[in-house]
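Data block below; observations after.
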Amino acid sequence: MDSSGVKTFVLDTNVLLHSAASMECFKDNDVVIPMAVIEELDKFKKNSDELGRNARRVIRHLDRLREACPACAGDPEKGLPLSAVNQEATGRLFILSAGAVDDGIVDEADKVFDNDLLLESPDNRILRVACFLRSLGRQVIFISKDINLRLKADALGLKVMDFEGEKVKNFDRYTGFREKSVSPQLLEEAYSKKELPADKVPELLTNEFVRLTSESDEKKKILLRKHSSGSLIMPSHRTDKVWNLSPRNKEQRMALDLLLDPEVKLVSLMGGAGTGKTLLALAAALQQTLHENLYEKILVSRPIIPLGNDIGFLPGSKESKLASWMQPIFDNLEFLLGGEEERKPKSSSRLSIESLMNSHKLDLEALTYIRGRSIPRQFIIIDEAQNLTPHEVKTIISRCGNDSKMVLTGDPGQIDNPYLDASGNGLSYTVDRLKGEAVFGHVTLRKSERSDLAALAAGKL
């Protein structure tokens, strides 16, 4: 293996399971997959979930690489050309075994493996390959999404990194909203015409909101959204009350404006607990499905962590299996169907929910079975989308058929998936990649409106 200025990236199993294309992301550098990683991929290849699909895709890529250069497969000097699977990747791929490098490690790491990091563990065998390459003078960078493994690698003196190929830089910068001070004349023009030409605030993205404040009087303000037509327009008066629900702050009003606009096919709502993400989405769904007949039904789903676990192990029908992890949806529906001013008994709300489900106006579905579907004329809500990978979100969004609308809700600060973080999850990735598109809108909700206690907990704990 040539070491002249070329970096060597050693990949952990979870990197390949997270993104099957990860081995192609290192351009003209060398990529090393330890044999222990191949063994672990073999354990996942029969799974029907996203991990299994990624494992199978990686294995197929490796087979294509082997076929592209049969003479290189067993040669640790030549490596396999990554350009066989991606023309932009001009580096080489090596598959090395920890057993084959036992005699090569002569530094302090050797003592650690003898005493503390026994080779019965696949993780330790992966680390041993990285240490061996370092002992040869290679510029080794160990890539893993496992924090504990990164800690062990760092303790061994290896340079470590998380896989950042699908991470969003400055993911919290775009909130879908900004504020700007303007001249009293411009504000008066906005008030009188109820809109402004887009060139008056040229830095705005499509479907981004702006609150204009008078430079002479801070009490004079107006909220506008950059429409796909190019004009800055006020939020629709329809946002004043949606399914007996009135917005309690400007962010909720902005969210409802996007949710009620049929031209905006994809809406993402971020926010902490109690900010109203799911409640607003369900209110807009009920309004447009039951009252306005824009959509045939409402489809609601939440990811199981890890995505794709078979719910068949739970007793009962599909509905009873879904009931436990869809309870937050039921809570919001009970609130909405009970009305805000004259609250109905809870039993009446539950009967209303059952009636919606029996009439197939409301469907609860597991994301496990969404692949391969085409979903036309439905209002689709994907709750807790921060627990999805970028590839999973792509798969879900691509299910939208004609005249469907999809809403992604979630809080990047509350992630249960062990290999995702605030900047690397599918929700943040979607916002970063689609901001400014005519069919996409995003709002970050800031204030908790659930209760005083919930707001206190969100702000202080």
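Both backbone and side-chain heavy atoms feed into the values below; hydrogens, waters and symmetry mates do not. Here the structure is a predicted model, which is why all the values come from computation and not from measurement.
Note on Glu208 versus Lys226: no salt bridge recorded, every NZ/NE/NH1/NH2 to OD/OE distance being 4.0 Å or above. The residues Asp63 and Arg60 are annotated as not salt-bridged, no charged nitrogen and carboxylate oxygen being separated by less than 4.0 angstrom. Salt bridge annotation for Glu251-Lys447: absent, with no cationic side-chain nitrogen under 4.0 angstrom from a carboxylate oxygen.
For Gly424 against His18, the heavy-atom pair with the smallest separation is O-CE1, 4.4 Å. Nearest heavy-atom pair, Thr409 versus Ala281, reported as atom, atom and distance to 0.1 Å: CG2-CB, 4.5 Å. Across all non-hydrogen atoms, the minimal contact from Ala153 to Val160 is CB-CG1, 3.3 Å. Across all non-hydrogen atoms, the minimal contact from Gly436 to Thr206 is O-CB, 3.4 Å. For the residue pair Leu205 and Tyr174, the shortest heavy atom distance occurs at CD1-CE1, 3.7 Å. For the residue pair Ala36 and Ile126, the shortest heavy atom distance occurs at CB-CG1, 3.9 Å.
Judged by distance alone, the side chain of Asp28 and the main-chain N or O of Thr90 form no donor-acceptor pair under 3.5 Å. Not a single donor-acceptor pair under 3.5 Å links the side chain of Ser144 to the backbone N or O of Arg150. No donor-acceptor pair closer than 3.5 Å links the side chain of Asp42 to the backbone N or O of Ile38. When atom types are taken as modelled, the side chain of Gln386 and the backbone of Leu420 share no donor-acceptor pair closer than 3.5 angstrom. Without hydrogens or angle criteria, Asp199 side chain to Pro202 main chain gives no donor-acceptor distance under 3.5 Å. No donor-acceptor pair under 3.5 Å is formed between the side chain of Lys7 and the backbone N or O of Asn29. Ser301 contributes a side-chain N or O that, together with a main-chain N or O of Glu365, makes up a donor-acceptor pair within less than 3.5 Å. Gln252 places a side-chain N or O within 3.5 Å of a backbone atom of Thr275 that can act as its donor or acceptor partner. Listed for the Arg92 side chain is no donor-acceptor partner under 3.5 Å among the backbone atoms of Asp30. Side-chain atoms of His442 do not come within 3.5 Å of backbone N or O of Gly176 as any donor-acceptor pair.
Sparse packing is recorded around CD1 of Ile147, with 12 or fewer heavy atoms of other residues, nucleotides or ligands lying under 6.0 Å away. Within a 6.0 Å radius of CZ in Arg433, no more than 12 heavy atoms belonging to other residues, nucleotides or ligands are found. Residue Gln87 places its CD atom among 12 or fewer non-hydrogen atoms of other residues, nucleotides or ligands, all under 6.0 Å distant. Other residues, nucleotides and ligands place more than 12 heavy atoms under 6.0 Å from the NZ atom of Lys265.
Ile380 is not listed as a side-chain neighbour of Arg399, based on a closest heavy-atom distance of 4.5 Å or more. Within the 4.5 Å cutoff, no side-chain heavy atoms of Gln139 are placed close to those of Val6. The shortest distance between side-chain heavy atoms of Thr430 and Leu266 falls below 4.5 Å. Phe379 has its side chain within reach of Lys405: a pair of non-hydrogen atoms, C-beta onward, lies under 4.5 Å apart. At a threshold of 4.5 Å between non-hydrogen side-chain atoms, the residues Val264 and Arg225 count as touching. In this structure the side chain of Val37 never reaches within 4.5 angstrom of the side chain of Leu11, judged on heavy atoms. Between Leu204 and Phe209 the shortest side-chain heavy-atom distance does not fall below 4.5 Å. By the 4.5 Å heavy-atom criterion applied to side chains, Arg125 and Pro34 are not counted as neighbours.
Not counting sequence neighbours, the partners of Pro81 by the side chain to side chain contact (heavy atoms under 4.5 Å, CB included) test are Cys69, Ser83. Shown here are the side chain to side chain contact (heavy atoms under 4.5 Å, CB included) partners of Glu263, two or more places apart in sequence or in another chain: His227, Ser228, Asp261.
One distance of note links CG of Leu224 with CD1 of Ile233; it measures 8.5 Å at 0.5 Å rounding. In this structure, Gln287 CD and Leu256 CG are separated by 10.0 Å, a value rounded to the nearest 0.5 Å. Atom OG1 of residue Thr13 and atom NZ of residue Lys43 lie 9.0 Å apart, to the nearest 0.5 angstrom. Atom CG of Leu149 and atom CG of Leu127 lie 4.5 Å apart (nearest 0.5 Å). Separating the CG atom in Leu245 from the CZ atom in Arg248 is a distance of 7.5 Å, to the nearest 0.5 Å. Expressed to the nearest 0.5 Å, how far OG1 of Thr289 lies from CG of Leu356 amounts to 9.5 Å.
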| task | Start with the C-alpha gap between Thr389 and Asn425, add the side-chain angles, then the distance that decides, and say whether side chain to side chain contact (heavy atoms under 4.5 Å, CB included) holds. | result | CA-CA 5 Å; Thr389 68; Asn425 65 85; over 6 Å; no
| request: List the steps and the verdict of side chain to side chain contact (heavy atoms under 4.5 Å, CB included) for Leu223 and Asp257. | output: CA-CA 11 Å; Leu223 183 65; Asp257 191 49; over 6 Å; no
| task | Mind running side chain to side chain contact (heavy atoms under 4.5 Å, CB included) on Leu279 and Phe335 for me, showing each step along the way? | result | CA-CA 9 Å; Leu279 187 67; Phe335 179 86; 3.8 Å; yes
| request: Show your working on side chain to side chain contact (heavy atoms under 4.5 Å, CB included) between Glu24 and His61 and close with a plain yes or no. | output: CA-CA 10 Å; Glu24 309 159 27; His61 279 5; 3.1 Å; yes
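For the salt bridge (Lys or Arg N to Asp or Glu O under 4.0 Å) condition, the pairs that include at least one residue of residues 376-389, sequence neighbours left out, are Glu296-Arg377, Arg302-Asp383, Arg302-Glu384.
Residue Ile143 is tested with Val15, Val32, Asn14 for a side chain to side chain contact (heavy atoms under 4.5 Å, CB included); the sole match is Val15. The side chain to side chain contact (heavy atoms under 4.5 Å, CB included) with Met254 is formed by just one residue from the set Leu445, Leu269, Val443; it is Val443.
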